[in-house]
Amino acid sequence: MRSLFIKVCLGAAVLTAILSFKWPNAAWSLLVTGPLCLIGLLDLTQPSHTIKRNYPLFGRMRYWAEWMRPKIYQYFVESDTDGTPYNRLNRSVIYQRAKKVNDTTPFGTQLNVYEVGYEWLNHSITPLHHDKVDHNPRVLVGGPDCKQPYSASIYNVSAMSFGSLSKNAILALNGGAKLGGFAHNTGEGGLSPYHLEPGGDVIWQIGTGYFGCRNADGTFHYEEFAKRAVHPNVKMIEVKLSQGAKPGHGGILPAAKVTEEIAKIRLVEMGKDVLSPPYHTAFSTPLEMLAFIKKLKELSGGKPVGFKLCIGRKSQFIAICKAMVKTGIMPDFITVDGGEGGTGAAPLEFSNSVGMPLRDGLAFVADTLNGFALKRHIRIIASGKVATGFDLVKNLSLGADMCNAARAMMFALGCIQALECNTNKCPTGVATQDNGLARGLVVDDKKVRVKNFHGETVKSAVELMAAAGISHPKHLHRSFIYRRVNAGQIQTYAETYPYILRGALLEAPFPENYQLDMANSSEETFEPAISYA
């Protein structure tokens, strides 16, 4: 569209010049075409609005609609495909915080407080003054055997691969992480130069395809892993077991999209489809998985190593915990991804109907680790539609130590949820490998927006905690959050997700809601220990 507009402008100028020799009055057309071309050229050169850079002149229609808010903007620009209020309300807040403009709203609560599912914070009648709270809360990640623990922000960039996102999007995300002092997860597509060039802290994710650390047959390559893992920008390593948007489902990158650059980064062959198996080949049992994690710690020089999963069978996570108790080997962190997690492309049934939602999975993981007396050594990261300060507070109260965000960070980059992620035609240059579209995303502008959004969201979470009389996230617990469960009943998270006693799963009798899964799990296998035949 950019090159087409330039050609049209040049063509119009040449045509007008030719016609004016024969019909002098034709020159008057410049009074119309001239200003339009000038406006379009200004759109091409401004750095702040990707839509206008990629679609000069015509892209202004979106901003005209935004100017005419709330009615037109509410229904046509901010509309969400599933009709839920999540993106309609939160996207405006994200844009405003990214641009550091006023994010306050008039006329009070924007949600129906009597609707089932409405949640709120239990505030204090003696809130803390802002100078009494930690404005930059950090979490130290690293267990007893970790030689290079990492001090992490409570809010970081979740896993999004180069290949799914453009190089400019990756550069802006990592540049924002550098400016704001938070971490950027690479996604399973490998550790690219664009994750390293800006100098931001990196969490290197390793999925089932072992991209960037694989042999030609797709098996894990320990030497290639060691070469990359010791890079000073790599602060943590995350082994991905599953993701919330499509747990249990492998991925495919068609041969046509495997460029020379992507093939080099992922250590794959050009001209062939790249498959991500649905399961790992480096291990097949809980004991083998922990041995694999221990090996990665050694090869990385003692950096924090953890794993990411969306909870499916509870017995399988319990089996991993049993293996931790038996071997004494523990991950430094566990990322819990909710079934509501996002992706650029997934079968509809997997997105909608597979995987435990974040709130339930997070509470289960926190309680299970506490039940095995493991929680004090392991940090929990929550991931899945975490976009606001209140989202942070809710997840921290359930047992998370920190949170990751993907779609919220994409919105901060300028994503308008055009739903073209899987077509390579993303109009904002975020989720595309089309260099013409990606060029519209100006890294120096967008990295500041990412930094702004992160800082303002953490600030919001801190202010909410201060309103509840809490000086640090570690003091949050489930009694601080209320939820309407039906028209006439409310519950705290503590009532909905009751705590279990520390060590309660180390010996019988076990809590009633754990008895079947405890009997059905073994550190020797991921398979059920009990046959239901």
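No hydrogens, no waters, no symmetry mates; every other heavy atom, side chains included, goes into these values.
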Please check: side-chain N/O of [X] versus main-chain N/O of [Y], any donor-acceptor pairing under 3.5 Å?
| X | Y | answer |
| --- | --- | --- |
| Ser161 | Ser164 | no |
| His221 | Glu224 | yes |
| Asp360 | Met356 | no |
| Ser158 | Ala406 | no |
| Thr457 | Thr388 | no |
| His475 | His472 | no |
| Gln148 | Gly301 | yes |
| Asn370 | Ala366 | no |
| His280 | Lys240 | yes |
| Arg379 | Leu140 | yes |

Return the [atom1] to [atom2] distance between [X] and [Y], rounded to the nearest 0.5 Å.
| X | Y | atom1 | atom2 | result |
| --- | --- | --- | --- | --- |
| Lys308 | Glu238 | NZ | CD | 6.0 Å |
| Asn395 | Leu476 | CG | CG | 11.0 Å |
| Tyr222 | Tyr210 | OH | OH | 8.0 Å |
| Thr335 | Leu309 | OG1 | CG | 9.0 Å |
| Leu398 | Arg359 | CG | CZ | 7.5 Å |
| Phe390 | Ser397 | CZ | OG | 8.0 Å |

| field | Candidate pair Val336 and Leu358, rule side-chain contact (heavy atoms from CB on, under 4.5 Å), full reasoning | value | CA-CA 7 Å; Val336 183; Leu358 176 59; 4.2 Å; yes

Flag the pair [X] / [Y] as yes when at least one side-chain heavy-atom distance between them is below 4.5 Å, and no otherwise.
| X | Y | result |
| --- | --- | --- |
| Asn122 | Ile481 | no |
| Val157 | Asn404 | no |
| Leu179 | Lys447 | yes |
| Ile334 | Phe317 | yes |
| Ile378 | Pro331 | yes |
| Glu188 | Ile206 | no |
| Glu115 | Arg484 | no |
| Met465 | Val393 | yes |

| said: Applying side chain to side chain donor-acceptor pair (under 3.5 Å) as the test, list every pair that has at least one member in residues 170-180; sequence neighbours left out. | reply: Asn174-His184

| field | Pairs where residues 324-334 contributes a residue and the test side chain to side chain donor-acceptor pair (under 3.5 Å) is met, not counting sequence neighbours | value | Lys297-Asp332, Lys326-Glu524

| query | Can Glu119 and Lys394 be said to form a salt bridge (charged side-chain N to carboxylate O under 4.0 Å, His left out), step by step? | reply | CA-CA 9 Å; Glu119 297 174 326; Lys394 288 191 297 183; 2.8 Å; yes

Those residues that, when tested against [X], pass side chain to side chain donor-acceptor pair (under 3.5 Å) (two or more places apart):
| X | result |
| --- | --- |
| Ser300 | none |
| Lys375 | Asp401 |
| Tyr150 | Asp201 |
| Thr219 | Asn215, Asp217 |

Closest heavy-atom pair and its distance - [X], [Y]:
| X | Y | value |
| --- | --- | --- |
| Thr525 | Ala319 | O-CB, 4.0 Å |
| Thr368 | Cys321 | CG2-SG, 3.9 Å |
| Ala382 | Ala400 | CB-CB, 3.8 Å |
| Arg449 | Ala412 | CB-O, 3.6 Å |
| Cys213 | Phe220 | SG-CE1, 3.5 Å |
| Pro511 | Leu505 | CD-CD2, 3.7 Å |

| request: Show your reasoning for whether side-chain contact (heavy atoms from CB on, under 4.5 Å) applies to Ser460 and Arg97. | output: CA-CA 10 Å; Ser460 171; Arg97 288 179 175 169; 3.5 Å; yes

Tell me, yes or no, whether the heavy-atom count around [X] atom [atom1], taken from other residues, nucleotides or ligands under 6.0 Å, exceeds 12.
| X | atom1 | result |
| --- | --- | --- |
| Lys235 | NZ | yes |
| Ile490 | CD1 | yes |
| Lys451 | NZ | no |
| Gln489 | CD | yes |
| His231 | NE2 | yes |

| field | Ring centroid separation Phe480 to Trp120 under 6.0 Å | value | no

| field | Tyr155 ring center near Phe182 ring center (under 6.0 Å) | value | no

| request: Start with the C-alpha distance between Thr281 and Tyr279, add both sets of side-chain angles, then the distance that settles side-chain contact (heavy atoms from CB on, under 4.5 Å), and finish with yes or no. | output: CA-CA 7 Å; Thr281 57; Tyr279 56 87; 4.2 Å; yes

| request: Kindly indicate whether a cation-pi arrangement holds for Arg478 with Tyr493, taking the cut-offs as under 6.0 Å to the six-membered ring centre and within 45° of the axis. | output: no

| message | Using side-chain contact (heavy atoms from CB on, under 4.5 Å), reason through Tyr514 and Ile500 one step at a time and then give a plain yes or no. | response | CA-CA 10 Å; Tyr514 274 85; Ile500 67 172; 4.1 Å; yes

| ring-ring contact (aromatic ring centres under 6.0 Å, His included) between Trp204 and Phe211: does it pass, once the steps are laid out? | CA-CA 11 Å; Trp204 181 17; Phe211 299 124; over 10 Å; no

| message | Hydrogens and angles aside, do Ser521 and Lys322 bring a side-chain donor and acceptor to less than 3.5 Å of each other? | response | yes

| Where do Tyr118 and Tyr482 land on the ring-ring contact (aromatic ring centres under 6.0 Å, His included) test, with the steps shown first? | CA-CA 8 Å; Tyr118 175 73; Tyr482 281 95; over 10 Å; no

